[in-house]
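The structure under discussion appears below in the form of structure tokens.
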Amino acid sequence: MSFIPVTHVLFDMDGLILDTENLYTIAFQNILSRFGKEFTFDIKLKLMGSQAHECAQILITDLDLPMTVEEFIMETKVQFQMLFPDTGLMPGAKRLIEHFHENKVPIGLATSSSEESYHLKVDKHHTQLFSLFPYKTFGSSDPEVKRGKPHPDIFLVAASKFPDTPKPEQCLVFEDAINGVKAAKAAGMQVVMVPDPRIEKSLTKEATLVIESLEEFQPQLFGLPPFK
């Protein structure tokens, strides 16, 4: 298998760097339980990578919830404040980010989270690691990101923040979500997917490379400095 060498790297955050996907499931289920509804994995797949207001709208429509988007978002904020501060890291994430930083590979964060939600997840335990990202794009609060994943907006905006403005084909994206992979491909970028093990293999086909964990990634495959 041959890949195109890249110079710049963009990381998704939730479910890729931070182990938050189970926390989102708990938060949404806590809200839905009041209405006797279930937050299934199929619904979760539909939401992954969406902006906050898009998530709320999908859940309200699909599950026929008697709430407005604003009400749903307010309730999620209460849940997130309880759940997010003790978020852990996914295997291999710290090592890979630090490796790129030490080898002066330009890296950026491209998360659908809002800036507020980012701080809830990062500020207590992970500020040092995330300080290695000089460029951060928050999909749910950045006015330049008009549409959430699977649209390419977030990756194009994130890439535009690098001072040397790389072309899309010079950027490699790391993602865990199907919508994130679609967004990266739509932006004209290669994408390494680390999917939830419950995702059917057939749904991961669009990714340039699929691995089970960031621990498996070999930077030299994409012309990046190898691990020592």
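Residue numbers start at 1 and run along the sequence shown. For the numbers below, each heavy atom of this structure counts, side chains included, while hydrogens, waters and symmetry mates do not.
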Would you confirm whether [X], through its side chain, and [Y], through its main-chain N or O, come within 3.5 Å as a donor-acceptor pair?
X      : Y      : value
Asp196 : Arg198 : yes
Ser50  : Leu47  : yes
His101 : Pro106 : no
Gln170 : Lys167 : yes
Gln57  : Val69  : no
Gln51  : His53  : no

Kindly write out the residues that satisfy salt bridge (Lys or Arg N to Asp or Glu O under 4.0 Å) with [X], not counting sequence neighbours, or none if the list is empty.
X      : value
Lys146 : none
Arg147 : Asp153
Asp176 : none

Report, one line per pair, each donor and acceptor closer than 3.5 Å where one atom sits in a side chain of residues 36-44; sequence neighbours left out.
from: Lys37; atom 1: NZ; to: Leu63; atom 2: O; distance (Å): 3.0
from: Thr40; atom 1: OG1; to: Ile43; atom 2: N; distance (Å): 3.3
from: Lys44; atom 1: NZ; to: Glu21; atom 2: O; distance (Å): 2.8
from: Lys44; atom 1: NZ; to: Glu21; atom 2: OE1; distance (Å): 3.1
from: Lys44; atom 1: NZ; to: Thr25; atom 2: OG1; distance (Å): 2.9

Quiz item: Within a reach of under 6.0 Å around CE of Met82, are more than 12 heavy atoms found that belong to other residues, nucleotides or ligands?
Solution: yes
Quiz prompt | More than 12 heavy atoms from other groups under 6.0 Å of CD on Gln220 | solution = yes
Quiz item: What do the steps show when you test Tyr118 against Phe84 for ring pair (Phe, Tyr, Trp, His ring centres under 6.0 Å), and what is the final call?
Solution: CA-CA 9 Å; Tyr118 161 85; Phe84 282 160; over 10 Å; no
According to side-chain contact (heavy atoms from CB on, under 4.5 Å), who are the partners of [X], at least two apart in sequence or on a separate chain?
X      : answer
Met90  : Asp19
Pro225 : His99, Asn103, Val105
His119 : Glu115, Asp123
Glu98  : Lys94, Glu102, Leu129, Leu132

If only side-chain N and O atoms count, and only distance matters, is there a donor-acceptor pair under 3.5 Å linking [Y] with [X]?
X      : Y      : result
Ser112 : Asp14  : no
Thr20  : Lys121 : no
Thr137 : Lys161 : yes

Quiz item: Parallel, tilted or perpendicular: which fits the ring planes of Phe11 and Phe174, with parallel below 30° and perpendicular above 60°?
Solution: parallel
Pairing residues for [X] by the ring-ring contact (aromatic ring centres under 6.0 Å, His included) criterion, not counting sequence neighbours:
X      : answer
Phe72  : Phe28
Phe3   : Phe222
Tyr135 : Phe162

Practice problem: For residues Phe133 and Phe100, establish whether the separation of their ring centroids is below 6.0 Å. | Solution: no
Please tabulate, for the side chains in residues 178-190, all donor-acceptor contacts under 3.5 angstrom to protein atoms that are two or more places apart in sequence or on a different chain.
from: Asn179; atom 1: ND2; to: Lys46; atom 2: O; distance (Å): 3.1
from: Asn179; atom 1: ND2; to: Met48; atom 2: O; distance (Å): 3.1
from: Lys182; atom 1: NZ; to: Glu206; atom 2: OE2; distance (Å): 2.6
from: Gln190; atom 1: OE1; to: Ile4; atom 2: N; distance (Å): 3.1
from: Gln190; atom 1: NE2; to: Ile4; atom 2: O; distance (Å): 2.7

